[in-house]
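Working notes, beginning with the structure itself.
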Number of protein chains: 2
Amino acid sequence: MGISERKQRQLEQVRSAILAQSWQIVEDEGWDALSIRRIADAIEYSTPVVYKHFESKEAIRSAFSKEGYALLADRLHQAKKTHDRPTDQLMSLSNAYWTFAEEHPKYYQIMYGLGIPTCDMVRETREIMQVSTVFHQTIEAAIKESKQPDADVHLKAMTFWSILHGLVAMTMVSPGDPKTAKLILEDAVAGFIKALAS
Amino acid sequence: MGISERKQRQLEQVRSAILAQSWQIVEDEGWDALSIRRIADAIEYSTPVVYKHFESKEAIRSAFSKEGYALLADRLHQAKKTHDRPTDQLMSLSNAYWTFAEEHPKYYQIMYGLGIPTCDMVRETREIMQVSTVFHQTIEAAIKESKQPDADVHLKAMTFWSILHGLVAMTMVSPGDPKTAKLILEDAVAGFIKALAS
DNA sequence: TTACTTTTGCTGACAGTGTTAACTTTTATG
DNA sequence: CATAAAAGTTAACACTGTCAGCAAAAGTAA
């Protein structure tokens with residue numbers, strides 16, 4: 001009796017309208033400009049309708065955070081494919097990471113925005129894991145090929161990730177020349193890879 | 001006619017009361033809990049009085065950011081003194097940096113909080129520079145003693161800073177075991193120093 | 001078709017927020 | 001003491017997240 005299917009579809013439509021309009025607001029005016037009332041205005045519904053789909057504003061932010069991690073994971077996977085040697089893959093990963101942050105700063109901002117209650121991040125864990133796994137696997141392979149195969153994978157993976165994030169975050173709070181920023185990134189990653197391989 | 005001096009003193013008193021009470025609120029309940037009305041309540045004045053001393057809420061945040069950078073710079077200077085060899089100093093600096101972030105997370109959060117309009121940071125530049133300078137000078141000395149004295153100081157200093165910040169930020173958004181976090185830091189910094197010295 | 005039920009959506013409110021204009025009280029000076 | 005200046009207050013504007021309660025529409029059963 002396809003009637004409830006249609007309802008389901010309409011619900012989905014509203015939900016994705018919320019996300020679409022929210023994203024427009026964020027891209028145009030930044031995260032601070034995003035409010036439930038503005039979303040409601042944009043989708044031409046009243047405010048409580050938004051709460052039918054997202055239990056809070058934080059839930060909307062969380063949804064975008066998940067989206068961001070998924071997108072980043074995808075970019076990383078693609079970047080990894082372009083090379084076979086693990087050390088080259090690491091270089092490629094760092095490039096993709098940087099490019100992602102540069103192209104989607106709004107995503108990066110919620111993904112790593114400080115002040116997020118850590119418990120709320122549980123729902124995003126799946127997507128974060130996808131990113132984490134790419135790093136772990138590549139690092140693991142790199143370690144196996146290196147001259148010190150007993151190095152701690154988790155430790156090295158976190159170090160790698162931290163270096164990447166550190167640079168992205170630094171250039172976001174005090175943006176200088178993007179080219180020098182990328183130079184710094186390459187320098188840091190090269191140093192890391194060298195320390196890993198030798 | 002010490003009368004205007006007394007007034008000046010009273011003004012200063014209110015100003016520091018604002019800062020003191022604000023800090024209490026932040027330490028107790030986090031940055032989100034800080035509002036002009038709550039500050040006014042705490043200092044037992046009406047809200048516009050707060051605006052006599054700070055032109056906006058952002059100005060109060062900025063003041064704490066400056067304080068944070070000044071405190072960090074102090075800690076870094078003290079840490080540097082404990083060693084003579086530049087490479088040892090770098091290790092000491094990274095330790096001090098980490099300890100600062102661990103002991104004063106509320107400071108670190110405004111200092112590096114994302115989403116801050118970059119123009120508002122101009123007023124904090126002096127204090128940021130003090131931190132930046134410690135890094136630059138130590139790195140410069142380390143480079144001079146190294147086997148590649150033509151390395152770019154600015155680039156290496158930024159790399160160093162980014163590594164430190166990356167790790168602090170990562171453990172703040174997804175806090176794991178602090179001990180492993182510190183291990184990661186030491187691993188990363190050791191790698192950096194090695195790459196620099198060799 | 002009518003009566004009933006469920007879903008859907010809206011209005012309006014509560015308790016907050018940053019910020020400021022206009023007013024009152026206090027204080028210092030001629 | 002009157003007057004001018006400084007200090008401090010109230011009350012408002014335009015917002016915010018969130019939700020209880022009500023009206024309207026849609027689906028179901030007789």
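Residue numbering restarts at 1 for every chain, and letters A, B, ... go by the order of the sequence lines.
Across all strands, B:Tyr45 comes closer than 4.0 Å only to sugar-phosphate atoms, never to a base (heavy-atom distances). Residue contacts for B:Leu11: at a heavy-atom cut-off of 4.0 Å it reaches no nucleic acid atom on any strand shown. The residue A:Ile39 sits apart from the nucleic acid: no heavy atom pair falls under 4.0 Å. At the heavy-atom level, A:Thr47 lies under 4.0 Å from base atoms of the strands shown.
A straight line from OH of B:Tyr51 to C1' of D:dA12 spans 14 Å, rounded to a whole angstrom. Per the geometry, CD1 belonging to A:Ile60 stands 9 Å off P belonging to D:dT18, to the nearest Å. Taking atom NZ of B:Lys57 as the reference point, atom P of C:dT19 lies 8 Å away to the nearest angstrom. Here D:dA5 presents its C1' atom at 12 Å from NZ of B:Lys52, a figure rounded to the nearest Å. Protein atom CD of A:Gln13 is 12 Å distant from nucleotide atom P of C:dG9, rounded to whole Å. Rounded to a whole Å, the CG atom of A:Asp41 is 15 Å from the C1' atom of D:dG17. The separation between A:Ile36 atom CD1 and C:dC10 atom P is 15 Å, rounded to whole Å. The distance between atom CZ of A:Arg61 and atom C1' of D:dT16, rounded to the nearest whole Å, is 12 Å.
In this structure, A:His53 and A:Leu11 have side chains that are in contact, with non-hydrogen atoms separated by less than 4.5 Å. Under the 4.5 Å side-chain criterion, counting only non-hydrogen atoms from C-beta, A:Phe64 is in contact with A:Trp31.
The side chain to side chain donor-acceptor pair (under 3.5 Å) pairs that include a residue from residues 144-155 of chain A are A:His136-A:His154, where partners are two or more places apart or lie in different chains.
Here the CG atom belonging to B:Leu76 is positioned 5.5 Å from the CG atom belonging to B:Leu93, to the nearest 0.5 angstrom.
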Can you check side-chain contact (heavy atoms from CB on, under 4.5 Å) on B:Gln130 and B:Leu72, steps first, answer last? CA-CA 9 Å; B:Gln130 290 180 358; B:Leu72 174 58; over 6 Å; no

Where do A:Val189 and A:Leu164 land on the side-chain contact (heavy atoms from CB on, under 4.5 Å) test, with the steps shown first? CA-CA 8 Å; A:Val189 172; A:Leu164 298 185; 3.9 Å; yes

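Looking at A:Glu12 and A:Arg9, no side-chain N of the basic residue comes within less than 4.0 Å of a carboxylate O on the acidic one, giving no salt bridge.
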Nucleotide N/O of nucleotides 13-15 of chain D paired with protein N/O under 3.5 Å:
none

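The listed nucleotides are C:dT11, D:dT18, C:dG9; the one nearest the side chain of A:Pro48 is C:dT11.
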